[in-house]
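Indexing begins at 1, ligand by ligand and atom by atom, following the structure's order.
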Amino acid sequence: MGETVIPLADLRYAAPVPIIPARLVEPTGLLSDRLGRPLRDLRISVTDRCNFRCSYCMPKDVFDRDYVFLPHSSLLSFEEITRLARIFVAHGVEKIRLTGGEPLLRKGLETLVAMLSELRTVHGRPLDLTLTTNGSVLARKARALAAAGLRRITVSLDALDDATFQRMNDVGFPVADVLAGIEAAQSAGLGPIKVNMVVKRGTNDHQIVAMARHFRNSGIVLRFIEYMDVGASNGWRMDEVLPSAQVLERLQAEWPLEPLEATASGETAERWRYVDGGGEVGLISSVTRAFCRDCNRARLSTEGKLFLCLFATSGHDLRALVRQGRSEAEISSALGEIWAGREDRYSELRSAQAADAGSGRRKVEMHYIGG
Ligand code: SAM
């Protein structure tokens with residue numbers, strides 16, 4: 001006995017165990033990578049499971065009854081997540097987003113929110129603690145999440161029309177229940193709320209104006225996301241991407257809009273406001289206008305692997321360090337070296353990478369790495 005059993009799912013993506021540097025270095029909060037980008041934003045995937053089967057993310061034919069999700073023992077515990085988050089924060093992280101999979105499916109998530117809300121940035125401020133959800137169980141959970149210390153929330157919703165939305169989520173989930181979740185989040189004070197709409201040409205682009213009309217004057221910021229080539233399962237094709245510039249044209253045909261300054265460096269969305277005061281919208285042009293240049297995001301997968309880019313093909317096994325009983329100083333120094341060596345800029349190099357698609361290196365799936 002005494003053998004270590006490694007579940008197959010653990011071997012899903014390459015992730016070497018980071019080397020502990022010979023000289024341990026205290027975090028300064030000023031870490032930056034090879035392109036001079038700081039570490040500010042950490043996305044944590046708390047589960048690889050989801051109750052939706054959106055064709056662009058977890059298509060039903062791949063993520064079917066036989067698909068092996070991670071066993072519970074592989075998942076980082078809340079204590080492990082908080083321990084790692086504390087180390088990231090010491091290196092300069094100011095914003096943490098819980099995601100997945102569907103984060104609200106992780107049992108007791110409020111407990112994790114409460115633990116993370118205790119952390120303080122290197123400047124002594126509370127973190128910008130947020131969560132991205134499909135909204136399916138938000139109506140039931142919004143109040144408890146706010147009470148636990150969640151500050152704001154992003155809800156994904158791809159259409160207002162039930163037939164389109166249900167075709168996209170592929171489990172027949174109704175729009176009304178997501179809208180009820182958004183309302184509950186508003187009453188719980190989880191604001192400002194953002195709504196993410198992934199736009200797929202020919203699938204839901206006829207919903208752009210209807211969505212904008214619905215969320216105008218509500219205080220909710222609707223963001224249009226270009227359909228991305230994440231993972232290896234969604235059969236992505238460029239002709240299904242509707243460039244943000246065309247989204248903007250369709251909006252401007254209805255209402256005049258003007259650009260707004262970015263509120264924070266590394267922000268993914270370009271912000272526009274309705275000239276008549278109806279609020280603002282965001283355009284996330286991850287395909288047509290890559291924003292690698294100031295990407296300050298790290299991603300921690302459900303099983304504790306660190307990924308430096310949404311389009312990465314391999315990660316760094318931080319969970320191994322935690323479970324080997326490594327000290328905070330050791331893990332922190334290893335993380336410092338990993339970030340300092342970072343030079344990922346996949347989206348900028350996308351066309352070159354497309355030519356390399358046959359090399360057999362599989363991009364990590366979004367539900368696992370965290371959207
Ligand atoms: N389950 C949660 C949700 O639905 O928001 C969190 C995880 S989900 C992977 C995070 C975000 O990624 C969602 O807004 C989703 O629409 C977006 N997303 C997933 N696949 C995408 C793709 N191929 N292109 C663009 N956005 C995508």
Side-chain angles (χ1 to χ4, degrees), residues 41 43-60 62-63 69 96-106 109 130-138 141 145 150 152-159 164-165 167-171 173 175 177-178 181-182 185 190 193-201 203-205 207 211 220-238 240-244 247 268-269 282-291 297 299-302 307 310-311 346-347 350 363-371:
D41 185 336
R43 302 198 175 184
I44 304 174
S45 173
V46 293
T47 175
D48 59 339
R49 291 164 202 254
C50 189
N51 51 345
F52 284 13
R53 284 293 175 271
C54 302
S55 54
Y56 54 74
C57 189
M58 293 180 74
K60 223 179 209 167
V62 177
F63 299 93
F69 287 97
I96 291 186
R97 176 178 298 280
L98 300 178
T99 178
E102 173 44 44
L104 298 188
L105 296 186
R106 178 86 186 248
L109 190 75
T130 180
L131 180 151
T132 303
T133 173
N134 62 24
S136 56
V137 295
L138 186 55
K141 303 221 164 182
L145 289 166
L150 192 70
R152 52 193 190 85
I153 203 154
T154 298
V155 182
S156 304
L157 178 64
D158 295 329
T164 309
F165 183 55
R167 205 173 325 116
M168 288 184 84
N169 66 52
D170 214 8
V171 292
F173 200 86
V175 173
D177 289 12
V178 179
I182 295 174
L190 288 171
I193 296 176
K194 291 177 184 164
V195 169
N196 280 351
M197 172 181 180
V198 175
V199 180
K200 253 184 116 174
R201 192 201 291 270
T203 302
N204 66 337
D205 57 318
Q207 288 286 291
M211 286 281 285
I220 291 170
V221 178
L222 174 61
R223 305 181 327 154
F224 300 93
I225 308 183
E226 286 177 351
Y227 168 41
M228 289 184 283
D229 53 329
V230 283
S233 308
N234 64 10
W236 182 86
R237 296 199 328 251
M238 187 64 201
E240 288 185 312
V241 177
L242 185 78
S244 293
V247 173
T268 49
L283 297 173
I284 304 185
S285 318
S286 6
V287 178
T288 60
R289 201 182 293 178
F291 34 79
R297 275 175 294 287
R299 290 181 153 83
L300 190 59
S301 79
T302 314
F307 290 88
L310 179 55
F311 300 94
Y346 171 86
S347 297
R350 180 178 267 105
K363 279 187 284 158
V364 73
E365 296 291 340
M366 196 154 174
H367 68 105
Y368 165 86
I369 194 178

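For R97 and T154, the side-chain atoms include at least one donor-acceptor pair closer than 3.5 Å. One side chain, Y346 or D229, offers a donor N or O that lies under 3.5 Å from an acceptor on the other. No hydrogens or angles considered: nothing links the side chains of E102 and T47 as a donor-acceptor pair under 3.5 Å.
Distances from atom 8 (S) of ligand 1 to the heavy atoms of S136, P103, G100 show the closest one on G100. Residue nearest to atom 22 (C) of ligand 1, selected from E240, R223, M228, M58: M228 (by heavy-atom distance).
The shortest contact between atom 14 (O) of ligand 1 and any protein heavy atom is with S156 OG, 2.7 Å. For atom 20 (N) of ligand 1, the nearest non-hydrogen atom of the protein is Y56 CD1, 3.3 Å.
Side-chain contact between N204 and M211 is absent, with no heavy atoms from C-beta onward closer than 4.5 Å.
Checking only distances, Y227 never comes within under 3.5 Å of ligand 1, N or O to N or O. Inclusion of G101 in the set of residues having an N or O under 3.5 Å from an N or O of ligand 1 is warranted. At a 3.5 angstrom cut-off on N or O pairs, H367 does not count as close to ligand 1.
Atoms of ligand 1 found under 4.0 Å from any heavy atom of T99, numbered from 1 in the order shown, are 6 (C), 7 (C).
For N134, heavy-atom contacts with ligand 1 shorter than 4.0 Å involve the backbone as well as the side chain. Of all the heavy atoms of T133, the ones lying under 4.0 Å from any atom of ligand 1 belong exclusively to the backbone.
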